[in-house]
Amino acid sequence: MADEAVAEHPAEPAAPKAKDARSPEAPRGGARGDDNAKDAPDAPGSSDASDAADAEAAEREKERERAADRFKDRTRDPLAEEQGEEEPTDAAAATRARRSGQKLLASGRDLIGFDRSDVGRLHIGDINIGLDARRSGLSMRDGPVPEEELLRIRRTHIEPEGYVRLRRALEARRLLVLGGAPGTGRASTALALLEEVTRDGESGQNAERVRRADPERGVRELAAQVAAGEGGRLRGTGYLLEPALDRPGTLPPDGMDLDQLASALAERGSYAVVVVSVGSAANPLLAGRYGAICPPAPTRELVAVRLRKRLEEEHGDPVRVGGGGSARDGDGGGGLDGHADRDRDGGRDEGRARGADRGGDRPRGGGPDEDGSLSRLLERAAELREDPEVTGAVGLDDLRPAEAELFASLLAGHLLGSVGREELLSGCRGLAAVQAYEWFAGVDRALAAPPPGDGRAPVRSGTAALFHPVAFRIALAVLGGASHSAVSAAAHLLTWELSVQSDPDSTPARPLFCDDPESDLALSRARPADGPVDVAGAEVTGRLIFYRGAALPAAVLAELWDRHFPVRAPVVRWLRLLADDPRPQVSMRAAVAAGELSVRDFEHGYAELVRPLAEAPTPRRRVFAATALDQAAGHASHRRAVRKVVEDWSRHGTPALRWTAAMALGYGRSADSMDDTLDALARIGVRDDGEQLAVASQNVVRLLTLPECATVLRRLADWTGHRGEEYQDLALVSIVRLALTDVDEVLDDEPGTPLGDRGDWPLLLALAATRPELTGKLADLFWTALNTARSRDVAFDALETLLRSASRKDGRAWTREGLAALLPALTAEEHDRRRLDWLLQRMMRDQDRPLTEERARALWRLAVPARQRRSEEEESHG
């Protein structure tokens, strides 16, 4: 680089540029003048004066070094206080986790508009429909299934995948243990199987050929009843049994019990289907020779058949094919057109395809209106069903039978004019709310009930097993999108808290080998997915877990907080535990959920979660409180209250509250305007000799990712010219942080935006590349930090970091675009270019990470345009 005016030693810093006359401190002069003065001959009587001058210069130098050390301390990560000076926090992982949590708990979603005063039944427009899907079969005790219901099942049931295999297994073994999640149509499928296998048997003409067995009697009692021919019933009867295995003290039947029942059924030529919920209690049954899983019926066909049925009923057309099961029966099925091609495996036979008309998008011929009005209604129904606003309001990936019935009723009502647009959307939003209600309604009633049989006192030792499915749903609502292991571990913590709250006098058992991931997914309407997990600053592929529907997380939290007040105490304790979790994917998602819960009841959330954690001694808990506050500020209804809290903390709060207020201000929603936000951060940063300048400056940098970036830069320039040194330090520390902070540590935007696509860029270079109108201001501010004594060393280290980011280790371009925009503005004067040249040579001589000459020359060319290089060369050669 000698031919490009390379200097061997650092250039003497010149006086500040005229354009930076606001620089808070003139740069330190070179050492050459001091050396000349020291080497001059001693004048008579000047020895004492010289010694005094040397002592004063040494003291000034020490003060400069102390100021530089204090400045360096203030540029450290304020979030790393509890982890040690040299261990950085993973701010990027925290930002991504917060963004993911906000995406799942969409701020502002209408969760209050649906009237759930009587969730068992719903009345919208002129539609009055039952919704209670919680074990409707238990309402009938040991009685026959009416012939009308069997006829409906025969005509309208939609076969799930693998239906034929289930029928063949039942015919071969006489007994089938059918497992599935409540509400998925398992009981309706069981009735359809029993109706089919008994139709042509010995009791085919008997009105009581299919019976529901008493759940309290269990498998052994049913076997004895069948063997004894109780009631003189004909041979070939079909029995449906739903044992209550989820009650504490109830033991599931073993293999011998099932064999005994199968033998009795074979002797009587009868059949039985035992319906159980997937879970740890039923897993041994489902894994045995009689066990099978019942998949849910396909959503599109359920909706299509029920929608057609509603429209045909309105037109007075008898439902010959397709139709809907009773909405009262939450385990009800869909629609079925006869039983053609039953021998073909897989359950998706030709008969069902005809009944659903392949999704219901094409109208069936021969409708009641020859002018085609029904056909036109069906076409409009198909369009309305796919309307993005409607599907967004539903918020469920798939619908269960009762939900499909309601959805079809809403669509039909809207098409026929009895349900308005807002009523339609409100009813659609209510689907997730109804599911959340069913999940939590009366979960712990079983604890108060005595075990079956002898009337003894209630058994409470099964609280952990009873509460675990509920705890998993809550954990999934809070941590959706995190790894399955993190959600499961959090669910176990909450299970413990719920058990202790329910029975404080007993130590609940903690089962160690009861987890069943597949059961957790089925019982919580969840789905797994492979995705990135942040571990120690690196991303690895992990198994993530989500709800099958964007509306379910918020609906679960709303149901939990609004209708079940006793559960708040254990959930608050649990959230505080999550706040201490070192993994950002856990603590930040929990903070977002805490903010959403606070919106439901701000008084309670503030008193129990926000305020106590805001005053905590650890930064992690204070960040949790700040994130919860910001999430609440995302709701217009609570924004004013949050801003009042943050303003009070910034003015009159304790040091811990001021620290938390600074973190909340950094999100940009906790003050009325950007100027008010910066005023509050300045108050916090300059108070008490800059005790909290580090956290204030960090949040000033976070504001630079917002659209009001120019306002932040203007205020930084004002602070550099302030008379108070603490304001100057706030500006200088913020400028250095701007160069040292990566975009993905502070940006809330998803990839796809100009800044979001530069997630691993230093924010200073990303702004220079994407906001060219700001490049001059950015260069002026960074030049000020480079030419101020107390910030010079840290700023030079930051500049070296920026230069090394020009290209990746494999030679691919990285931040060259940003450097090409910033460096020419930063090195407009000769002494600036000499200083850059010295820094490049120092980087080339670095023993640990030497910069190659080729890369050094490339960086020099970025800083000094070709025209300017030629001009300087001509001038140097005369």
Quiz prompt | With sequence neighbours excluded, residues passing salt bridge (charged side-chain N to carboxylate O under 4.0 Å, His left out) with Asp257 | solution = Arg220

Self-check item: Residue pair Leu302 / Phe407, side-chain heavy-atom distance below 4.5 Å
Solution: no

Self-check item: Ion pair Arg525/Glu438, N-O distance below 4.0 Å
Solution: no

Quiz prompt | Check ion pair Arg380-Glu383 (N to O, under 4.0 angstrom) | solution = no

Quiz prompt | By side-chain contact (heavy atoms from CB on, under 4.5 Å) - contacts of Glu389 (at least two apart) | solution = Asp387, Arg421, Leu425

Quiz item: Taking only residues two or more places apart in sequence or in another chain, which ones pass side chain to side chain donor-acceptor pair (under 3.5 Å) with Glu518?
Solution: none

Quiz prompt | Minimum heavy-atom distance Pro401-Thr184, with the two atoms named | solution = CD-C, 4.0 Å

Practice problem: Just jot down the side chain to side chain donor-acceptor pair (under 3.5 Å) partners of Arg527, sequence neighbours excluded, or say none. | Solution: none

Practice problem: Check the pair Arg310 / Glu405 against salt bridge (charged side-chain N to carboxylate O under 4.0 Å, His left out), numbers first and verdict last. | Solution: CA-CA 9 Å; Arg310 293 287 179 182; Glu405 181 79 16; 2.3 Å; yes

Practice problem: Could you please spell out the steps behind the salt bridge (charged side-chain N to carboxylate O under 4.0 Å, His left out) verdict for Arg154 and Glu147? | Solution: CA-CA 10 Å; Arg154 179 177 179 180; Glu147 187 64 28; over 6 Å; no

Exercise. Check whether any side-chain heavy atom of Asp259 sits under 4.5 Å from a side-chain heavy atom of Leu175, and report yes or no.
Key: no

Quiz item: Residues two or more places apart in sequence or in another chain: which of them pass side-chain contact (heavy atoms from CB on, under 4.5 Å) with Arg473?
Solution: Trp439, Pro469, Val470, Leu523, Ser524, Tyr547

Exercise. Could you check Arg167 against Glu159 for salt bridge (charged side-chain N to carboxylate O under 4.0 Å, His left out), going step by step and ending with a plain yes or no?
Key: CA-CA 11 Å; Arg167 176 173 57 81; Glu159 298 175 356; over 6 Å; no

Quiz item: Does the pair Glu267/Arg174 count as a salt bridge with the N-to-O cut at 4.0 Å?
Solution: no

Quiz item: Does a side-chain N-to-carboxylate-O contact under 4.0 Å join Arg199 and Glu195?
Solution: yes

Exercise. Check whether any side-chain heavy atom of Phe467 lies under 4.5 Å from a side-chain heavy atom of Ile474, and answer yes or no.
Key: no

Quiz item: What residue among Leu411, Thr391, Val390 forms side chain to side chain contact (heavy atoms under 4.5 Å, CB included) with Cys428?
Solution: Val390

Exercise. For Ile293, check side-chain contact (heavy atoms from CB on, under 4.5 Å) against everything at least two apart and list the hits.
Key: Val278, Leu286

